[in-house]
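The chains referred to below are lettered A, B, ... by the order of the sequence lines, with proteins before strands, and numbering in each begins at 1.
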There are 2 protein chains.
Amino acid sequence: MNTPQLTKNQTLVFDVLTKAEAPLSAYTILDKLRDNGFRAPLQVYRALEKLLEYGVVHRLESINSFVACAHPNEDCHNHGLVAFAICEGCGQVIEFHDHEVDHRLMDWLKSQKFKAEKATIEIRGHCATCS
Amino acid sequence: MNTPQLTKNQTLVFDVLTKAEAPLSAYTILDKLRDNGFRAPLQVYRALEKLLEYGVVHRLESINSFVACAHPNEDCHNHGLVAFAICEGCGQVIEFHDHEVDHRLMDWLKSQKFKAEKATIEIRGHCATCS
DNA sequence: ATCAATTGCGTAATGCTATAACGTGTGCGA
DNA sequence: TCGCACACGTTATAGCATTACGCAATTGAT
């Protein structure tokens, strides 16, 4: 999917996520944007919805947070599966793509005649510097 | 981890999950147990906490729900990774374990010196009968 | 037997996450 | 210029999870 020109709200939310060193919850984003005129959760959620659709932001289901894609120049939809290692110490996220894991999972799903639409792979633990 | 004798509340919650054909949210479980004296969310969450610890119940992060382990006789903590295919049509969940995927992920994490503590793999889509 | 520590339980209150429902304004093609 | 699509703003509400407090039962060491 191509990324069209972002709107004002989408740009604000994206910039906040890009500058952050760790994933942010929607409400944290809201607080960071109050000075920019944000007043309600929906302003954040609507922007996030589009950013997720464009593939420039990922949602981390296991911690109800959002993070900017680590590979801004490529198209995340072409990567197949995306997996995340989330450090519970510093909050940092390492994003990675592995075609081996991808294929293996897809083969299994195929054998079950299961049509995959969305995948979540999140590993929680401690990164090199925090363990 | 061994599974000790379950308490009354733990048994009630576990039975509800075992009889269910799809994952249930904590509040849905609460509603199903009102006739058994349940009145507050915490009664459910406390039971779930233990059941998760014993490995007889899994939490599905992507849909904020809980499901009984599909392999009651084995010890889920010995399985390494557990992955789930969740049907958005009928809600049914297929649980599976794949050592190949497991090893591949663990190798990658090792190369990053990342200490994994908990993993979430959830595929959402449509099962054979719902697609 | 007794005391202390642990564990489970009940209740109320609160906090965090996400969406529904309404209406407004703007740009653009038929 | 009409109709449509889309982004936006606001209020209210729904859904998920935890904090804090106190009580009762159990266990286990002295």
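- In this structure, of D:dA17, C:dT17, C:dT19, it is D:dA17 that holds the atom nearest to the side chain of B:Tyr45.
- Per the geometry, CG belonging to B:Asp31 stands 14 Å off P belonging to D:dA14, to the nearest Å.
- Proximity of the aromatic rings of A:His58 and A:Phe66 is defined here by a centroid distance below 6.0 angstrom, and this criterion is not met.
- If you take CG of B:Leu6 and P of C:dT7, they are 16 Å apart, rounded to a whole angstrom.
- With sequence neighbours left out, B:Lys113 forms a salt bridge (charged side-chain N to carboxylate O under 4.0 Å, His left out) with no residue at all.
- Among D:dC16, C:dT17, C:dT11, the nucleotide with an atom closest to any side-chain atom of B:Arg39 is C:dT11.
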Would you tabulate the nitrogen or oxygen pairs shorter than 3.5 Å linking the protein to nucleotides 5-8 of chain D?
residue: D:dC8; atom: OP1; partner: A:Thr7; partner atom: OG1; Å: 2.7
residue: D:dC8; atom: OP1; partner: A:Asn9; partner atom: N; Å: 3.3

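- Under the rule for a side-chain hydrogen bond (donor to acceptor under 3.5 Å, both in side chains), the partners of A:Ser25 that lie at least two apart in sequence or sit in another chain are A:Thr28.
- Regarding B:Glu61, its CD atom lies at a distance of 13 Å from the C1' atom of D:dC16, rounded to whole Å.
- For a distance-only test at 3.5 Å, the side chain of A:Tyr27 qualifies as a donor-acceptor partner of the base of C:dA18.
- In this structure, CG of B:Leu12 is placed 15 Å from C1' of C:dG10, rounded to the nearest angstrom.
- Nearest heavy-atom pair across A:Trp108 and B:Ile94 is CH2-CG2, 3.6 Å.
- Between B:Asp107 and B:Lys110, none of the side-chain N atoms (NZ, or NE/NH1/NH2) sits under 4.0 Å from a carboxylate O, so this pair counts as no salt bridge.
- Side-chain atoms of B:Ser65 come within 3.5 Å of backbone atoms of B:Ile63 as a donor-acceptor pair (strictly under, hydrogens ignored).
- Distance A:Leu48 CG to C:dT17 C1': 12 Å, rounded to the nearest Å.
- Between A:Asn64 and C:dC16 there is no side-chain N or O to OP1 or OP2 distance below 4.0 Å.
- Remark: A:Arg124 does not engage A:Glu122 in a salt bridge, criterion side-chain N to carboxylate O under 4.0 Å.
- Between the C1' atom of C:dT7 and the CD atom of B:Glu49 lies a distance of 12 Å, rounded to the nearest Å.
- Residue B:Phe38 is the one, among A:Ser65 and B:Phe38, whose nearest nucleotide of DNA chain C lies closer to the 5' end (criterion: closest heavy atom).
- Side-chain atoms of B:Leu42 lie closest to D:dT19 of the nucleotides C:dA21, D:dA17, D:dT19.
- In this structure, A:Arg59 does not reach the C:dT17 phosphate: none of its side-chain N or O atoms is under 4.0 Å from OP1 or OP2.
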